[in-house]
Engineer: 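Handing you a structure now.
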2 protein chains.
Amino acid sequence: MPYNKTNYKPSVTVDCVVFGLDKSADVRVLLIKRAYEPYQNSWAIPGGFIKENETLDAAAQRELEEETGVRNIFIEQLYTFGNLNRDPRGHIISVAYFALINLEEHPTSAATDAKEAQWFKLSELPELAFDHSEILDIAIKRLDSKVRYQPIGFELLPEKFTLSELQSLYETILGRALNRRNFRSKILKMDILEQLERQKDVPHRPAFLYKFNKEKYEELSNNGFEFAISPPKERH
Amino acid sequence: MPYNKTNYKPSVTVDCVVFGLDKSADVRVLLIKRAYEPYQNSWAIPGGFIKENETLDAAAQRELEEETGVRNIFIEQLYTFGNLNRDPRGHIISVAYFALINLEEHPTSAATDAKEAQWFKLSELPELAFDHSEILDIAIKRLDSKVRYQPIGFELLPEKFTLSELQSLYETILGRALNRRNFRSKILKMDILEQLERQKDVPHRPAFLYKFNKEKYEELSNNGFEFAISPPKERH
DNA sequence: TCAAAAGTGTTTAGTTTACACCCATGC
DNA sequence: GCATGGGTGTAAACTAAACACTTTTGA
């Protein structure tokens, strides 16, 4: 097939599903209220058209920064959506990304670009514009399965965290209670956390703070180590 | 941001990385020799531009059928590539898919669309056009990690297969030897295979043939069952 | 002294690994 | 009868799960 200068060119957007953790260890997703038609005033996943001479990753970073003021966070490509009727303006292909941030270090308010932005609990999602519900569903599934096999949970926490915070995060995402002692020994045995000082000014026994040792993880990972939090097994 | 009719539109292609298993249980990938510039006569992953009113999945299916004559096989989206310099003709975004077929049921020769097509062993890959080496690398990684957690290996085998064939497949993809007895008991305990009749006309004790019971797998899968072939663990 | 969360050890069940010999068939 | 791959059982090591009480702090 010779190159055909008149080959069909669709529009291409990038959309970023941004997840964060709130104070009570609930996962939230950042949505914006659309300022223009179509779907004016509907909630949507932040995103926009790619520009000339811009890579997909760069577009995702740019949109994310424009919408939320955040940069240098964990971001990775999720899936590309190309159904014909997903946008009333015509055939618009969307390359979706998913991003994880720590809400405390990047507070809600820091948004926006003249649009209203808000963090929604996954249990209290509004109706979304376009096929964004579908995109969000896929992002949630990806978060869920990724969290089991890769230590991405740390991206959602502050740099220093307690084991209880880490456990709450896993319990929220996995949707089930974990045994405290077993969780602690499992995580600590992996030897990818660095113990720091204790908490201060808490109205109970202060917990040790930890940070994720990424170098150590990568070293272990190259030697066949697998980070895995498995589903519960039935006992007989 | 109001809709801008002059928004930038790149070209969009789909490329299909097709894996198959040869007689000696080696994984092979289907490549085509390019008939036109750029990269004329270079080997490349089959693919092409999407058409008006065509979804990405449909384009992938179409290209696959045009290049190989194959339809109704396992295919899923892999990743979308959008670097600026990946194609000398300009900014061309490629949505890559990866597909698995059983070489015996869809023999090599069935190709092509006036292009030369050939199955290459992963250990004997030629230089590839564009950024196709990168795409192929990512596809191989995906195959490797997917095979561990999802029963996709069956897509590469004929409908009826022996446990030894299944084991060879896993050994090839995982790149390590597996203990025969342990592999057998592990797979059989999962209870996702259906035992059929024995082989015939083989110069040794005939093995039982099995087929993958997809319904059963899905049922178990919904109940939290995980298909997993884990990496070797060190003993002390 | 109370409330609240941190921290810890052991037993048991289940799973994974390693290992060697006999079996059925075609030639 | 021999070469080829098919098929099987078990003990030992390890891992995962279940479980309850004591500690430290601020209020």
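We name chains A, B, ... by the order of the sequence lines, and we start the count at 1 in each one.
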Engineer: Only pairs at least two apart or in different chains count here, so list each side-chain hydrogen bond (donor to acceptor under 3.5 Å, both in side chains) that has a residue in residues 168-187 of chain B.
Structural biologist: B/Gln167-B/Glu171
Engineer: Over how many whole Å does the gap from A/Leu188 atom CG to C/dT8 atom C1' extend?
Structural biologist: 12 Å
Engineer: Output the rounded distance in Å from CZ (A/Arg184) to P (C/dA5).
Structural biologist: 14 Å
Engineer: Base, sugar-phosphate, or nothing: which does B/Ser164 touch, judged by heavy atoms less than 4.0 Å apart?
Structural biologist: sugar-phosphate
Engineer: Please give, in whole Å, the distance from C/dG7 P to A/Leu166 CG?
Structural biologist: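 Rounded to whole Å, this separation is 13 Å.
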Engineer: Might you list the N or O atoms of the protein lying below 3.5 Å from N or O atoms in nucleotides 25-27 of chain D, with each pair's distance?
Structural biologist:
residue: D/dT25; atom: O2; partner: A/His204; partner atom: N; Å: 3.4

Engineer: Hey, would you say the B/Tyr149 and A/Tyr149 ring centroids sit under 6.0 Å apart?
Structural biologist: yes
Engineer: How long is the line joining CD of B/Glu171 and C1' of D/dG5, in whole Å?
Structural biologist: 14 Å
Engineer: Does OP1 or OP2 of D/dA17 have a side-chain N or O of A/Arg181 closer than 4.0 Å?
Structural biologist: no
Engineer: Of all heavy-atom pairs between B/Phe208 and B/Leu196, which one has the smallest distance, and what is that distance?
Structural biologist: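 In terms of heavy atoms, the two residues are closest at CD2-O, 3.5 Å.
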Engineer: Tell me every residue that passes salt bridge (Lys or Arg N to Asp or Glu O under 4.0 Å) with B/Glu215, counting only those two or more places apart in sequence or in another chain.
Structural biologist: none
Engineer: Fit a plane to each ring of B/Phe154 and B/Phe161, take the angle between them on a 0 to 90° scale, and name the class: parallel (under 30°), tilted (30 to 60°) or perpendicular (over 60°).
Structural biologist: tilted
Engineer: Rounded to the Å, how far apart are A/Asn182 CG and C/dT10 P?
Structural biologist: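 Checked: the CG to P distance equals 15 Å.
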Engineer: Quick check on DNA chain C: between A/Glu165 and B/Asn179, whose nearest nucleotide comes earlier from the 5' end?
Structural biologist: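 The residue mapped nearer the 5' terminus is A/Glu165.
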Engineer: Can B/Gln118 and B/Lys33 be said to form a side-chain contact (heavy atoms from CB on, under 4.5 Å), step by step?
Structural biologist: CA-CA 8 Å; B/Gln118 200 175 308; B/Lys33 192 173 233 175; over 6 Å; no
Engineer: Rounding to an integer number of Å, can you tell me how far A/Leu163 CG sits from C/dA4 C1'?
Structural biologist: 17 Å
Engineer: Evaluate whether atom CZ of A/Arg198 has more than 12 neighbouring non-hydrogen atoms of other residues, nucleotides or ligands under 6.0 angstrom away.
Structural biologist: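 Count over threshold, so yes.
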Engineer: Starting from P on D/dA16, measure out to CD1 on A/Ile229 and report it in whole angstrom.
Structural biologist: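 Between P of D/dA16 and CD1 of A/Ile229: 10 Å.
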Engineer: Could you tell me how far apart B/Phe208 (CZ) and C/dA24 (P) are, to the nearest whole angstrom?
Structural biologist: 11 Å
